[in-house]
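Positions are given from 1, in the same order as the sequence printed here. We use all heavy atoms of the structure for the numbers below, so side chains are in, but hydrogens, waters and symmetry mates are not. Just so we're clear, the structure is a prediction, and the values are computed from it rather than from any experiment.
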Amino acid sequence: MLHAVERKAVSDAAPPQGFSIEADRKRLSTTALKAFRRLVIHWDLTSQQAAALLGVSLSTWERLKPESVTKTLSQDQMTRISALTGIYKALHLLFVDAMADRWPMLENTGPLFDRRTPVAAMIEGGIPHMLEVRRYLDAVRGGL
């Protein structure tokens, strides 16, 4: 049984957050775009690759690329960035920085990649594949 103080704490808890709530996306979009821009640089992605990973057209990516640009991202775009930053973090826990940043662009013979680079595989497979790569890396590093 919850005591009165515990019941009040539960009722005062912040509402759930998620990418489906526009106010949350608006609040998180600037930081998410900043993280994605840095990932693009670290992974040495082309503009076409960056646009494809973010799920936007090349012209949209070119408009989003400057640091001064702010935009509320869609639920899909926030999910993509979340998965990719999770991959980035997992790689940096597994490898030294140089290898961690090279890995996404190296041909990979693992079953998730079929001799493609992880970036090419994720572009082709979209969000489901990005999440699968993230789970794979977490498992490799012992996170699952």
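- Listed for the Ser29 side chain is a donor-acceptor partner under 3.5 Å among the backbone atoms of Leu73.
- Two residues are said to be in side-chain contact when any heavy atoms from C-beta on lie closer than 4.5 Å; Arg63 and Thr60 meet this criterion.
- Side-chain contact between Leu91 and Pro104: present, with at least one pair of heavy atoms (C-beta onward) separated by less than 4.5 Å.
- Checking side-chain atoms of Arg37 against main-chain N and O of Pro66 turns up a donor-acceptor pair under 3.5 Å.
- A salt bridge between Glu62 and Lys65 is present, with a side-chain N of the basic residue lying under 4.0 Å from a carboxylate O of the acidic one.
- A heavy-atom distance below 4.5 Å is not found between the side chains of Met122 and Thr117.
- Identified under the ring-ring contact (aromatic ring centres under 6.0 Å, His included) test for residues 108-131, with sequence neighbours left out: Trp103-Phe113.
- Side-chain contact between Trp61 and Val40: present, with at least one pair of heavy atoms (C-beta onward) separated by less than 4.5 Å.
- Taking hydrophobic clusters as Ile, Leu, Val, Met, Phe, Trp and Tyr residues chained together by side-chain heavy-atom distances below 4.5 Å, Met99 shares a cluster with Leu137.
- When side chains are defined from C-beta on, Glu132 counts as touching Leu112, because their heavy atoms get closer than 4.5 Å.
- Counting heavy atoms from C-beta outward, Arg135 and Leu131 have side chains that approach closer than 4.5 Å.
- Applying the salt bridge (charged side-chain N to carboxylate O under 4.0 Å, His left out) criterion to Lys71, with sequence neighbours excluded, gives no partner residue.
- The shortest distance between side-chain heavy atoms of His42 and Asp97 does not fall below 4.5 Å.
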